[in-house]
Structures are given as structure tokens and as C-alpha cells.
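If you read the sequence from its start, that first residue is 1, and numbering goes on from there. Order of listing sets the numbers, starting from 1, for every ligand and every atom in it. Computed from a predicted structure; not experimentally measured.
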Amino acid sequence: MKYLPTPLEGCFLLKPTIFKDERGQFSETFNKKAFEALTGLSTNFVQDNESRSTYGILRGLHFQTGSMAQSKLVRVIQGKVLDIVVDVRIGSPTFGHHFSKVLDASEGLQLFVPRGFAHGFITLSETSIFAYKCDNYYDKASEGGIIYNDATLSLDWHLPKEDIRISEKDKQLPSFEAATA
Ligand SMILES: Cc1cn([C@H]2C[C@H](O)[C@@H](COP(=O)(O)OP(=O)(O)O[C@H]3O[C@@H](C)C(=O)[C@@H](O)[C@H]3O)O2)c(=O)[nH]c1=O
């Protein structure tokens with residue numbers, strides 16, 4: 001596993017070592033000891049999630065607030081997505097900055113999304129399976145979010161506007177300004 005920093009403090013990529021042989025390939029997707037040695041974090045992951053989506057489905061931007069904030073270690077196990085994170089940590093030197101990365105199942109890249117970040121992704125392939133670990137439990141009452149096409153953030157989701165599909169719930173999300181006021 002290799003540690004790759006991003007411009008946002010606390011947010012990084014992990015590139016797994018892939019062992020290929022005549023049968024196919026093998027990789028460790030999570031190893032607590034290696035994770036701690038590489039990152040210096042002792043994150044206690046307590047929930048694993050998996051979602052399946054079709055082309056153009058955008059989930060986000062989401063976070064949980066207060067004591068229910070979550071760090072996430074995300075990856076794609078089938079297909080390709082564009083993943084975007086936004087630093088919404090009040091007082092952070094990169095508050096309001098975002099980082100985006102195409103996550104392709106064939107590469108196995110993982111993105112660590114720290115607590116205090118909004119997170120979303122869009123499926124670029126025909127279908128995708130997205131898997132992630134969380135260090136805090138799901139709590140509906142603590143859900144927060146930002147509308148994906150917020151004018152201030154001006155995020156590039158890589159797909160034409162007419163191809164982007166979001167849930168009714170995500171259509172109601174507030175602006176970046178309102179969400180962070
Ligand atoms: C996220 C989540 C949802 N659910 C339920 C609630 C709802 O009925 C159904 C679908 O929920 P959502 O529409 O919120 O699912 P989704 O839009 O996929 O939500 C996820 O989006 C990405 C971008 C994230 O970063 C995640 O943390 C999470 O917020 O699943 C759980 O039971 N546990 C969970 O941890």
C-alpha cells in the first residue's frame with residue numbers, strides 16, 4: 001500500500017499493491033496495522049457500506065454533523081466513478097476547497113475522507129459498485145449536505161448536465177453558504 005497526499009490536509013489516497021498471477025490478482029484492501037503505520041491515524045472503522053449505481057447517478061454531497069461526523073475510506077469495486085470531497089471544516093486553511101479523483105475499480109485506489117468533509121460521487125461507467133468504511137455509525141438525524149451544483153463551489157462532475165441524476169432527497173440540499181453558515 002502506498003500513501004499519496006492530496007492538497008487537503010488529512011485527506012489522502014491509498015494505492016494498494018496488486019499481486020498478479022495466472023489466476024488473476026490479489027490485493028489487501030484494508031490492513032489495520034499497515035493503515036496505521038502509513039497514515040499515523042488510529043481510525044476505528046465501525047461500519048462498512050456498499051452502494052450500486054448506474055451511469056449518471058450522483059450521490060452527494062453528504063456529511064454527518066457534530067459527534068456523529070464520519071471519516072470514510074472509499075473505493076470502487078466495479079466500474080468507474082468521479083469522487084469529490086469538499087473541506088467544510090470551519091477554520092481550516094483549505095475551507096471551501098475541493099479535491100476530485102476518478103476512482104476506477106481496475107486500479108483499486110482508495111480515498112480517505114476525513115471528518116468534516118462533504119463527500120459525493122458520480123458514476124461514469126455503465127454501472128458501479130462503491131464500497132466504504134466509516135468510523136461512526138449512520139445517524140439520520142445528523143445528516144447534512146450541500147447541493148452538488150452549488151454556484152460557489154462550481155464543481156466539475158465530468159458528465160453533461162442532462163446525464164446527471166440525483167435523488168429527490170439530494171435535490172433539496174442547501175447551498176454551500178447555507179450549509180456552512
Ligand atoms: C448512508 C446510509 C443510508 N442508509 C439508508 C437510508 C436510506 O433509506 C437508504 C439510502 O440512503 P441515502 O440516500 O442517504 O444513500 P446515499 O445517497 O448512497 O448516501 C451516501 O452517499 C455518499 C456520497 C456518502 O458519502 C455516504 O456517507 C452516504 O451519505 O439507505 C442506512 O441505513 N445506513 C447508511 O449508512
Side-chain angles (χ1 to χ4, degrees), residues 6 8 10-14 29-30 35 39 41 43-89 92 94-105 108-150 153-159 161 163-176 178-180:
T6 76
L8 305 181
C11 179
F12 53 83
L13 291 156
L14 295 177
T29 56
F30 182 73
F35 179 85
T39 67
L41 300 172
T43 309
N44 181 31
F45 292 111
V46 295
Q47 187 178 322
D48 281 4
N49 296 336
E50 180 179 304
S51 61
R52 293 161 190 251
S53 308
T54 51
Y55 171 80
I57 293 291
L58 189 162
R59 297 171 185 258
L61 299 151
H62 299 161
F63 53 83
Q64 288 192 177
T65 55
S67 63
M68 296 312 293
Q70 294 174 307
S71 298
K72 300 164 197 171
L73 184 62
V74 316
R75 67 194 175 100
V76 170
I77 54 182
Q78 186 244 299
K80 187 160 84 167
V81 316
L82 171 72
D83 200 285
I84 303 188
V85 294
V86 182
D87 184 352
V88 291
R89 298 173 296 191
S92 164
T94 52
F95 175 76
H97 294 206
H98 69 272
F99 173 75
S100 71
K101 184 77 190 169
V102 172
L103 301 177
D104 189 326
L109 265 188
Q110 302 184 4
L111 177 67
F112 182 81
V113 184
R115 290 184 178 200
F117 275 51
H119 169 249
F121 66 92
I122 189 166
T123 295
L124 304 177
S125 46
E126 197 180 327
T127 59
S128 73
I129 305 177
F130 193 82
Y132 51 110
K133 307 177 86 61
C134 302
D135 75 340
N136 214 343
Y137 293 103
Y138 172 62
D139 181 47
K140 196 172 171 47
S142 308
E143 282 183 307
I146 299 169
I147 192 74
Y148 77 101
N149 58 358
D150 177 80
L153 296 177
S154 189
L155 304 173
D156 176 5
W157 290 98
H158 288 200
L159 291 188
K161 238 201 291 191
D163 286 0
I164 299 179
R165 290 173 293 143
I166 64 170
S167 67
E168 286 307 314
K169 188 176 116 190
D170 283 355
K171 282 184 190 158
Q172 310 305 321
L173 289 174
S175 66
F176 168 72
T180 57

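Residue, atom and distance of the protein heavy atom nearest to atom 34 (C) of ligand 1 are Tyr138 CG, 3.2 Å. Summary of contacts: the protein heavy atom closest to atom 29 (O) of ligand 1 is His62 ND1, 2.8 Å. For atom 14 (O) of ligand 1, the closest heavy atom belonging to the protein is Lys169 NZ, 2.9 Å.
Taking the six-membered ring for Trp and the full ring otherwise, the centers of Phe12 and Phe99 sit at least 6.0 Å from each other.
Using a 4.5 Å heavy-atom cutoff, the side chains of Ile77 and Glu50 are in contact. Inter-residue side-chain proximity for Leu61 and Leu173 is flagged as unmet; no heavy-atom pair is nearer than 4.5 Å.
Protein heavy atoms all stay at least 4.0 Å away from atom 8 (O) of ligand 1.
Within the 4.0 Å heavy-atom criterion, neither part of Gln64 lies near ligand 1. Using a 4.0 Å cut-off between heavy atoms, Phe63 makes no contact with ligand 1 at all. With a heavy-atom cut-off of 4.0 Å, Leu61 does not touch ligand 1 at all.
For atom 28 (C) of ligand 1, the nearest non-hydrogen atom from the set Tyr137, Phe121, Tyr132 comes from Tyr132. Counting heavy atoms only, Arg59 comes closest to atom 16 (P) of ligand 1 of the residues His119, Glu143, Arg59.
Ring planes of Phe45 and Phe112: perpendicular class, angle over 60° (limits at 30 and 60°).
Here the side chain of Arg165 pairs a donor or acceptor atom with the backbone of Tyr55 at under 3.5 angstrom.
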